[in-house]
Amino acid sequence: MSDRGRRRRALVPSAGALLVVLLAGCGSDGGSAGPAEQATDPSPSSSTSPSGSGLPECDAVWVAGQDLPRGYAGCVQDGRVEEPERRRCEFGQTIVEHAGRFYAVPGNVVNETESLASSPEYRRALRSCQG
């Protein structure tokens, strides 16, 4: 393998680590949760939708400062299943968006902005993700 190939492989994990740090450092415009709030996960019985889909209510999942579950498969909003809106990253991660104002990498903190379309933090995270 050439030196160039080795260097390129070495950059891929670094880019992933950069995105995680970048997203973890992004603040929310709607306030932030304290450490005690971040450590608590909503219980399945209180956040699971009665619709029978087995998916949680969106309001229980998309909370600024809490972690988006690693296996996030969508949520229920107003009785309707909301499929994940995903943006693929160059290095295998995914940024998931919701309601035009939330974003997160599954397993990492949920960030909230007034609007993804006008958020400089979101644009930086997307540029970091997509190269």
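Values below: all heavy atoms of this structure, side chains included; hydrogens, waters and symmetry mates excluded. As the structure is a prediction and not an experimental result, all values here were calculated from the model.
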Shortest non-hydrogen contact from Pro56 toward Gly74: CD-O, 3.8 Å
At their closest point, which heavy atom of Phe91 faces which heavy atom of Ser128, and how far apart are they? CE2-O, 3.8 Å
Side chains of Thr94 and Arg88, donor plus acceptor under 3.5 Å: yes
What heavy-atom pair brings Tyr103 and Thr113 nearest, and what distance separates the two atoms? CE2-CG2, 3.9 Å
If I take atom CG from residue Leu68 and atom CH2 from residue Trp62, how far apart are they, to the nearest 0.5 angstrom? 4.5 Å
CG (Leu116) and NE2 (His98) are apart, to the nearest 0.5 Å, by 10.5 Å
Find the distance between SG (Cys75) and CD (Glu57) and round it off to the nearest 0.5 Å. 8.0 Å
Where do Tyr122 and Arg87 come nearest, in terms of heavy atoms and distance? OH-NE, 3.8 Å
Quick one: are Val61 and Gln66 in side-chain contact, heavy atoms under 4.5 Å? no
Would you sort out whether Gln77 and Asp59 count as a side-chain contact (heavy atoms from CB on, under 4.5 Å), showing the intermediate values? CA-CA 8 Å; Gln77 181 81 38; Asp59 292 342; 4.0 Å; yes
Gap separating the CD atom of Glu83 from the CG atom of Leu55, nearest 0.5 angstrom: 8.0 Å
For a quick test of reading the model, state the closest non-hydrogen atom pair linking Val110 to Asp67 and the distance between them. CG2-C, 4.3 Å
Minimum heavy-atom distance Tyr72-Glu82, with the two atoms named: OH-O, 4.5 Å
